Amino acid sequence: MFENYDKNGAFISAEKMALNKLSMGNQTWFFKDPLSAVVTVNERGEIKIEGQQTEYIYGVVNPNNSNPPYISSASFKMN
């Protein structure tokens with residue numbers, strides 16, 4: 001819901017508006033799911049990163065990279 005206010009900050013009205021229609025909406029990338037990772041470190045010095053993949057929504061796509069947004073998964077062993 002988008003709310004309109006006058007120059008003094010008084011509420012005028014509320015209306016449904018697509019996020020990509022807002023002033024910064026076309027410069028903001030909206031994801032379907034939270035983009036996060038789980039990092040596990042154990043006593044043997046092993047590090048495991050479990051990344052996640054999601055997708056863009058509202059028709060706003062990163063112009064530099066149209067691949068789905070993701071965090072890579074990986075495993076490491078510290079010496």
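Here the structure is a predicted model, which means the values were calculated and not measured. For this chain, numbers begin at 1 and follow the sequence in order.
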Checklist entry - Going by heavy atoms in the side chains, are Asn4 and Ser13 under 4.5 Å from each other? => result yes
Checklist entry - What closest approach, in Å, do Gly51 and Ala37 show between heavy atoms, and which atom pair accounts for it? => result CA-CB, 4.2 Å
Checklist entry - In the single-linkage hydrophobic clustering (I, L, V, M, F, W, Y; side-chain heavy atoms under 4.5 Å), do Ile49 and Val41 co-cluster? => result yes
Checklist entry - Is any side-chain heavy atom of Phe31 closer than 4.5 Å to a side-chain heavy atom of Glu55? => result no
Checklist entry - Looking at Lys77 and Glu46, what are the two nearest heavy atoms and their distance? => result CD-CG, 3.8 Å
Item to check | Atom pair OG (Ser72) and CD (Glu50), whose distance is rounded to the nearest 0.5 Å | outcome: 13.5 Å
Checklist entry - Would Lys48 and Val39 satisfy side chain to side chain contact (heavy atoms under 4.5 Å, CB included), going step by step from the backbone distance to the final call? => result CA-CA 6 Å; Lys48 182 179 180 182; Val39 179; over 6 Å; no
Checklist entry - How long is the gap from NZ on Lys7 to CD1 on Ile12, to the nearest 0.5 Å? => result 11.0 Å
Next on the checklist: Could you tell me if the side chain of Tyr56 sits less than 4.5 Å from the side chain of Pro68, heavy atoms only?
Outcome noted: no
Next on the checklist: Could you check whether any side-chain N or O of Asn8 sits under 3.5 Å from a backbone N or O of Ala10, counting only pairs where one atom can act as donor and the other as acceptor?
Outcome noted: no
Item to check | Side chain proximity check, Leu35 to Ile71, heavy atoms < 4.5 angstrom | outcome: yes
Next on the checklist: When you compare the side chains of Ser36 and Gln52, does any donor N or O come within less than 3.5 Å of an acceptor on the partner?
Outcome noted: yes
